[in-house]
Amino acid sequence: MKAFNAEYKLLAEMYQDEYFPDFLVDKVKAELQGVIDLLESGEANTEVIQTKLDETVCAINDLQDEFDANDSEIETVARDCIGQSVGYILEWFDIPIDVEDAIRERDW
């Protein structure tokens, strides 16, 4: 089983941008951590991984109202940042799922 790269900072651009409240970025990060946990457990079945990614993206979708309530939104910078983090996770664990497929359930 492979551990995730402890030096990689998930969602770094969102944390650096004051437009995104840290406590909400933490919630997005927690959702991504669930995918990392699954992959660290050794899961290699792409159908199982895609199902987890779909659940994760739907949970991130559900945070949009909370972002709005805090004068923020999941917009271009956030979309790119989340996509890059997902891409890095997939690449790190050598998972053959395209990033666009991985985040196919997004509505942001």
Side-chain angles (χ1 to χ4, degrees):
M1 291 183 285
K2 184 177 182 179
F4 187 63
N5 181 358
E7 295 180 20
Y8 184 80
K9 184 164 172 78
L10 292 169
L11 309 171
E13 290 177 54
M14 290 179 74
Y15 279 114
Q16 293 168 0
D17 191 331
E18 291 180 13
Y19 179 67
F20 306 106
D22 283 352
F23 80 96
L24 290 174
V25 181
D26 288 344
K27 289 182 179 187
V28 175
K29 182 180 176 184
E31 294 299 333
L32 295 178
Q33 186 62 50
V35 174
I36 292 168
D37 293 346
L38 176 69
L39 297 172
E40 286 180 331
S41 77
E43 183 61 63
N45 182 315
T46 55
E47 289 181 26
V48 172
I49 296 165
Q50 185 62 61
T51 297
K52 180 63 176 173
L53 287 162
D54 290 345
E55 291 169 1
T56 297
V57 171
C58 287
I60 294 169
N61 290 345
D62 291 343
L63 293 172
Q64 289 187 102
D65 288 341
E66 222 175 322
F67 272 90
D68 288 341
N70 286 277
D71 299 320
S72 184
E73 64 180 301
I74 300 176
E75 43 75 78
T76 305
V77 170
R79 282 192 299 267
D80 291 346
C81 188
I82 294 167
Q84 287 171 0
S85 288
V86 169
Y88 186 87
I89 292 166
L90 294 172
E91 184 178 321
W92 180 262
F93 289 101
D94 298 316
I95 304 302
I97 298 174
D98 180 76
V99 174
E100 288 301 314
D101 291 331
I103 59 175
R104 66 187 179 191
E105 292 296 325
R106 74 187 181 282
D107 61 10
W108 25 268

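Side-chain atoms are counted along with the backbone in the values below, which use heavy atoms only and exclude waters and symmetry mates.
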- prompt: Would you say the side-chain atoms of D68 and Q64 include a donor-acceptor pair closer than 3.5 Å?
  reply: no
Backbone N or O of [Y] within a donor-acceptor pair of the [X] side chain at under 3.5 Å?
{"X": "D54", "Y": "E105", "value": "no"}
{"X": "S41", "Y": "L38", "value": "yes"}
{"X": "Q50", "Y": "D101", "value": "yes"}

- prompt: Residues two or more places apart in sequence or in another chain: which of them pass salt bridge (Lys or Arg N to Asp or Glu O under 4.0 Å) with K27?
  reply: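 Here the qualifying residues are E66.
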Is there side-chain contact between [X] and [Y], with at least one heavy-atom pair below 4.5 Å?
{"X": "I82", "Y": "I74", "result": "yes"}
{"X": "T56", "Y": "V86", "result": "no"}
{"X": "W92", "Y": "K2", "result": "yes"}
{"X": "M14", "Y": "L24", "result": "no"}

Note: E73-R79 ion pair, threshold 4.0 Å (strictly below):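 Here E73 does not pair with R79 in a salt bridge, since their nearest N and O are not under 4.0 Å apart.
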- prompt: Listed by chain and number, what are the side chain to side chain contact (heavy atoms under 4.5 Å, CB included) partners of N45, not counting sequence neighbours?
  reply: E43, E47, V48
Straight-line distance of [X] [atom1] to [Y] [atom2], nearest 0.5 Å:
{"X": "I36", "Y": "S85", "atom1": "CD1", "atom2": "OG", "result": "8.5 Å"}
{"X": "K29", "Y": "D22", "atom1": "NZ", "atom2": "CG", "result": "10.5 Å"}
{"X": "D107", "Y": "N61", "atom1": "CG", "atom2": "CG", "result": "3.5 Å"}
{"X": "L90", "Y": "I103", "atom1": "CG", "atom2": "CD1", "result": "10.0 Å"}
{"X": "Y19", "Y": "N70", "atom1": "OH", "atom2": "CG", "result": "11.0 Å"}

Scan the side chains in residues 3-11 for donor-acceptor partners under 3.5 Å anywhere in the protein, sequence neighbours excluded, and list what turns up.
from: N5; atom 1: OD1; to: E7; atom 2: N; distance (Å): 2.9
from: N5; atom 1: ND2; to: Y88; atom 2: OH; distance (Å): 2.7

query: Is the number of heavy atoms from other residues, nucleotides or ligands within 6.0 Å of CG (D71) greater than 12?
result: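 Counting neighbours around CG of D71, 12 or fewer heavy atoms of other residues, nucleotides or ligands fall under 6.0 Å, so no.
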message: If you apply the rule side chain to side chain contact (heavy atoms under 4.5 Å, CB included), what do you find for F20 with E13, and how did you get there?
response: CA-CA 10 Å; F20 306 106; E13 290 177 54; over 6 Å; no
message: Are L32 and F23 connected into the same hydrophobic cluster when the rule is that any two of I, L, V, M, F, W, Y join if their side-chain heavy atoms are below 4.5 Å apart?
response: yes
field: Check against salt bridge (charged side-chain N to carboxylate O under 4.0 Å, His left out), K52 and E31
entry: CA-CA 10 Å; K52 180 63 176 173; E31 294 299 333; 5.8 Å; no
message: How close do V25 and F67 get, counting heavy atoms only, and between which atoms?
response: N-CZ, 4.5 Å
